[in-house]
Structure formats: C-alpha cells, structure tokens
Amino acid sequence: MIHDLVKKAQKGNKEAFSRLVEEYYDEMFLMAISIVKDSYAADDICQESFVKVYKKIKKINKPESFKSYLGSIVWNNSKDYYKKNKKEVPFDYVEIKKFTDDKTDQKLELLENLMKLKQEYLEILVLRYFQDLKLKEIQKILKIPLSTVKSRIRYALEEMKNQMEGEEYER
Amino acid sequence: MKDNKYNDVEKNLRELKEDFKLNSKTHKNAKANIMEGIKPKRNFIRYMPAMAATILLVISVMATSVLAFPEMAKKYAPKIPIVKELSEKDEEILDVAKEKEDITKEKENIENELNKEKEETEAKDEKIHKLEEEVDELKMKIKEIADEEIKEVETSENTDEALNLELQTVVVEFVKEMYKGNYKKAADYCTKDFGDFVKNNPEDIILRGEDTVIFTQITNIAETENGDYLVFLRLNDAIKEADHQLNFEIIKVDGEYKISFAGLDA
C-alpha cells in the first residue's frame, strides 16, 4: 500500500502524499527529537523534510526506498540543527507532552534515558533501532570502520542499560 | 547483536519506536504546514496589468509583420530601423558560420595536441607511481616504543615527534597490560568510562592468550577535527594465524592522554 501511495504522490496526488505524512510523521519526529532534544525544533525539521521530499519525490526510483530517503533527510537536517544549537538542558516532559498522545507518556522515561547518553551513542542507537539500518549502512553514514560501529553499539547499549538500571535502583 | 545481556534494552528501544505517537493536534498542524509548503508558486504573469499586456501584444504584432515578410521589407523599406537590423543580422549570420568553421578546425588541432600530451602524461604517471612505491618503503622505520621494537608507518604528516612517542607508548603499554591479564592497570591508561568497559569486557578488545603478543606495526598519530588522536596497531598473539589490527582513539583528560576507545578492526 505504501508503494501505491508513493507512486500516486509521484504523479502529483497530494492526498496520497498526505497519507504518507500520517504514516511516517511519528517515526521521523522521534528520530529528530532524539537528536535535537527540542520538540518545537523537531516538529519544524520534520515539516521541512517532508516538503523537501515532496519536491524531489519524482527522483525516487524505487517506491520502497521512500522511507529511507525521508529518513536520511530528517537525519541530516537534525544533525545540522544540533551542530548549530547544541542543547544541553534537562528533558522537558511538559514541552514534549504538548506533542505526544497520552499512551506515549509511559515511554517518555525511556526517551529521557536515551537523550542522556553521549551524543555519538545516542545517534548510533537511533540509526540502529529507530531507522532499522544494517551495520554497513550505519558505517556509510557515520564514515567509521565497521568494527567501530559494532563496538559503539555495544557501548551504547551498555550505557543505556546502566541508565535504565539506575532508574530502577532509584525507584 | 547476539549478546543476551542487552536483549531487554534492544526490546525497549524497538517498543519505544512502535509506541511513540504524536497527538492529533500535532498531526493536524504538521500536515497543514506541509501541504501549504508543497503548493506550487504563483505565476507572475497573472498579475501583469492588462495595459502592459496589451502594449506587449501590439509590439509583438508589429515585429511579426516585418519578420513574416523580411525580403519584401528589405526591398521596399530598407531604411526602417528594424529592416536595417534584419539585413545586418543576415551578414552577422554569415560571419558566424565562417567563424564556426574556423573553430572546428582549431578544435581538431587541439584534440590532436591533447592526445599527444595524454601519452606523455601517462608515461610520467607511471614513473611517479614507481617513485611513490619507493617512498612508501622509506616511510617505514623500526622504532623502540615501551621497550618493544615496532615498525612505524607514517600515515600522517607534520606530527610532533615527542607527542607521537608519548601516545604510542600509552597504546603499547595498555596492550601489554591487557595480555598480562592486568585489566585494572590497563584501565589506568583509559578514560573512566572506557576503563570501566575494559575491566568488564576485556575479551571485546583483546584476544585472550598467553603473554606472547608480538607488535608488528604501528602508525604515527593522526589528529582528528575534534583535536583527538588516532593510532592503529597491528599485532600477532598466536591465537589468530595472521596479524590483526586494533584501532585506538586518544583524548586529553586533565592534562593526561587517555584511551577513549579501542576496538578490533574489521
């Protein structure tokens, strides 16, 4: 079904594109906010990214690569924003709850743990577990040796585990 | 990742992705902004005043008449500026055609010359390649680092030799301690975070074996954009048949150089 929507959008069908926005917006927002740590900025980045993708949608040869193309634009825009506006402020539950639905509240603590990680660990977990990229794809994006990708994921998971266990201990 | 101890973490991350949902207000606003953003830009001509459009039409009709019957215009009204311009254009066209012919001939000459030059360049390239190979061999030298004699390969230029030796010593001492099983001592050469990792996961960094490690090659230090340093070390420890490589990242912490990462190269 996604393939059909992409093909229709490529022919100028805005309704089809609107459904693609509905399908992928949450996921892209999660990736953006993990990196930039600002809900409003994440929202802007996602909107700009979708507009950019629409303008270049005819250049996508395979409809199945729409998501990864969109993901790469959101990733690059998020990274650019983070470089210019590195945000080191506490996780703002109030701010993010303005954007998320009630059921997501239970997951916000996990998101907070993720955002506390060192930036390079956070980014590699986002690429691996939110974007579902393979190790070699991550290697190409981050331009680091494959062994470093594997090791960094392990260190990141270790750190994440420590964060989560720290929370349980405090409880 | 096959390591079981991280299964829960991975499961939680995947669930976060599945369960993370934005509210309807966010979706509505985002969609509205996106759909507005993808609208095509308005055509400027739509806003041209009718008067200007009419004037444009009149001028184009007048020009078309002359252009539709140029020969008659030249014969009966040679002095009208636009007709004069037409005659001049004809002459210009002839000049351009001749110029084009000259350019084509010149192009052929240049192509022949370029082919000759290409052959000469290929011969020179081969000579340079041979010289580079000789230079590469010279760039390797045997060096003493932490009581070990190791072949050093220069992979970056303009390094401070004192700093180079200092960081290479940190790396070699670290590896030696790891192979002796002195993980706590090895961790002293590392940042706190990485040192903790080393103590808990030594097998991730070093292949276990007896204290028989042989250092076969080390690079000089390379500085990254962040001001960190990289060093690559090749070694043989009788566990693997061939040499293997360890990649190191080193940073300065409170005035001392510490290993912030070490990993096996793929």
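Each chain gets a letter, A, B and so on, in the order the sequences are listed, and its residues count up from 1.
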Item to check | Contacting moiety of K21(B), where chain A heavy atoms sit under 4.5 Å | outcome: both
Next on the checklist: Could you check whether atom CD of E126(B) has more than 12 heavy atoms from other residues, nucleotides or ligands sitting under 6.0 Å from it?
Outcome noted: no
Item to check | Interatomic distance, K107(A) atom NZ to E15(B) atom CD [nearest 0.5 angstrom] | outcome: 4.5 Å
Next on the checklist: Looking only at heavy atoms and a cut-off of under 4.5 Å, which of S24(B), G263(B), A30(B) has the most pairs with chain A?
Outcome noted: A30(B)
Checklist entry - Quick one: what part of E22(A) sits under 4.5 Å from any heavy atom of chain B, side chain, backbone, both or neither? => result both
Next on the checklist: Working to the nearest 0.5 angstrom, can you tell me the gap between Q47(A) CD and M35(B) CE?
Outcome noted: 12.5 Å
Checklist entry - More than 12 non-hydrogen atoms from neighbouring residues, nucleotides or ligands closer than 6.0 Å to NZ on K67(A), yes or no? => result yes
Checklist entry - Can you find a heavy atom in the side chain of Y129(A) that is under 4.5 Å from one in the side chain of K17(B)? => result no
Checklist entry - From I34(B) CD1 over to Y25(A) OH, what is the distance, rounded to the nearest 0.5 angstrom? => result 5.5 Å
Next on the checklist: Would you say that more than 12 heavy atoms from the other residues, nucleotides or ligands in this model lie under 6.0 Å from the NZ of K14(A), or not?
Outcome noted: yes
Checklist entry - In terms of heavy-atom proximity below 4.5 Å to chain B, should K98(A) be classed as side chain, backbone, both, or neither? => result backbone
Checklist entry - Below 4.5 Å, heavy atoms only, C-beta onward: do M160(A) and L13(B) meet side chain to side chain? => result yes
Next on the checklist: Is L114(A) in contact with chain B via its backbone, its side chain, both, or neither, using a 4.5 Å heavy-atom distance?
Outcome noted: side chain
Checklist entry - In Å, rounded to the nearest 0.5 Å, how long is the span from CD of E109(A) to CG of L16(B)? => result 12.0 Å
Checklist outcome for this item: So, the part of K97(A) with a heavy atom under 4.5 Å from chain B: the answer is backbone
Checklist entry - When you measure from the side chain of N23(B) to the backbone N and O of T100(A), does any donor-acceptor pair fall under 3.5 Å? => result yes
Item to check | Interface residue of largest heavy-atom contact number with chain B, from F130(A), Y54(A), F99(A), under 4.5 Å | outcome: F99(A)
Checklist outcome for this item: K31(B) and S18(A) have their tightest heavy-atom pair at CD-OG, 3.0 Å
Checklist entry - How far does CG of N12(B) sit from CG of L110(A), to the nearest 0.5 angstrom? => result 5.5 Å
Checklist outcome for this item: Of the listed I38(B), N200(B), D193(B), the one with the largest count of heavy-atom pairs under 4.5 Å with chain A is I38(B)
Item to check | Inter-residue atom distance N201(B).CG - Y155(A).OH, 0.5 Å rounding | outcome: 8.0 Å
Item to check | K143(B) atom NZ, neighbour heavy-atom count above 12 within 6.0 Å | outcome: yes
Checklist entry - Relative to chain A, which segment of E18(B) carries a heavy atom at a distance below 4.5 Å: side chain, backbone, both, or neither? => result neither
Item to check | Greatest number of heavy atom pairs closer than 4.5 Å to chain A - which of R14(B), E249(B), K25(B) | outcome: R14(B)
Next on the checklist: Under a 3.5 Å distance rule, please check whether D26(A) uses its side chain to pair with a backbone N or O of L22(B) as donor and acceptor.
Outcome noted: yes
Checklist entry - Tell me, side chain or backbone of E27(A) under 4.5 Å from chain B's heavy atoms, or both, or neither? => result side chain
Checklist entry - Side chain, backbone, both or neither: which part of D132(A) has a non-hydrogen atom closer than 4.5 Å to chain B? => result side chain
Checklist outcome for this item: Heavy-atom nearest pair, G37(B) first then V51(A), reads O-CG1, 3.7 Å
Next on the checklist: Using 30° and 60° as the class boundaries, would you call the ring planes of F20(B) and F29(A) parallel, tilted or perpendicular?
Outcome noted: parallel
